[in-house]
Amino acid sequence: MRKVILTPGTRNEIDTQVDKIIRGLGHPEPPLDLDAVFRLQQLDPQYYRTSEDGVVRETISRVKVGAKLFFERPTRIWEAIKTANLKALWIPEQKRILVDDDLHAMKKRWSFAHEIGHSILDWHRDFTFGDDQLTLVEGYHVDLEAEANYAAGRLLFLQDHFNQHVKGVQHTLKSLNKVADDFKNSWTSTLYRTVEVLDVPSFAIIGSHPVRRNSAEKTRHFITSAPFDVLFPSFDEAEALKVIRTYCKYSTRGPLGECSFALADESGERWEFTIESFALPHGDVLTLATLLQKLPIQIAVAGQSKANWLHLN
Ligand SMILES: [Zn+2]
């Protein structure tokens, strides 16, 4: 899945709203305090548990979950949550955000930020938004969900504060784990956001184990920096997987290996990258590729392999 492409105009509008919050909080240092955002925005955050009934008694008439519209007849919120297997909900009338208390702490943080995203975009106000596992995934592509996710990312990473934090640094997965800790966000979302804003060629992959047999997507997210797109427009996740398979171990936890490799750009110039992968306990694998250097010009030899990448060690 390619990164979400929102138009620059939409990004600007969302950034303006996020900036109002960050200014309202007095440009805080990371990590962002979500309780302070709730107070500033006069939002009413609440948890529910799927094992308990009766926490939320109001009724709602229509809920948008991704591209689908549910419940044209008034339905108890609790029934809506159970029927559509919702993990989070934004109810504009009460300025209330409901989040499943059984979610992992990092997922709760993301879910609250996503619902805050719905709440600050005025063209989202016509709906109660119900969110399931899918719509809460960064990079999910229905426009309104992608917008809420973009807002969530910009808010949790304090916009330009994060850009200053990660630009001009040679990153490794380990260094991004530290950034994640500073911002109290997940390692996965930190990897995603970092590559997205980098002004040097870089890409990342978030997905299931690259070399083990599994049915899940090995390249659920393929994130590239803008300079990478310019230099290597035809390099895709299938090419990236070929590189990863040259070093990736079968183990299911911890570092899976690393290597360096060269990519030829459109004009035939070669660039050396380093790439590494790490298996998280819950099964996802994170991969980061960053530029090491531009290689000296080589004279092309007739009959050379057609592959546009070369394994270096
Ligand atoms: Zn949503």
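First listed ligand is number 1; within each ligand, the first listed atom is number 1.
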If you draw the axis of the six-membered ring of Phe127, does the NZ or CZ of Lys64 fall within 45° of it and under 6.0 Å from the ring centre?
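Here Lys64 passes the 6.0 Å and 45° test against Phe127.
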Centroid-centroid under 6.0 Å between Phe183 and His165 rings
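When the ring centroids of Phe183 and His165 are compared, they turn out to be within the sub-6.0 Å range.
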Nearest N/O/S atom of [X] with respect to the Zn ion (ligand 1), by atom name, please.
| X | answer |
| --- | --- |
| Asp131 | OD1 |
| His114 | NE2 |
| Glu145 | OE1 |
| His118 | NE2 |

Take Tyr192 and Phe157 through the test ring-ring contact (aromatic ring centres under 6.0 Å, His included) and record every step on the way to the result.
CA-CA 11 Å; Tyr192 193 114; Phe157 286 98; 9.8 Å; no
Rounded to the nearest 0.5 Å, how far does OG1 of Thr16 lie from CZ of Arg23?
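Result: 9.0 Å between the selected atoms.
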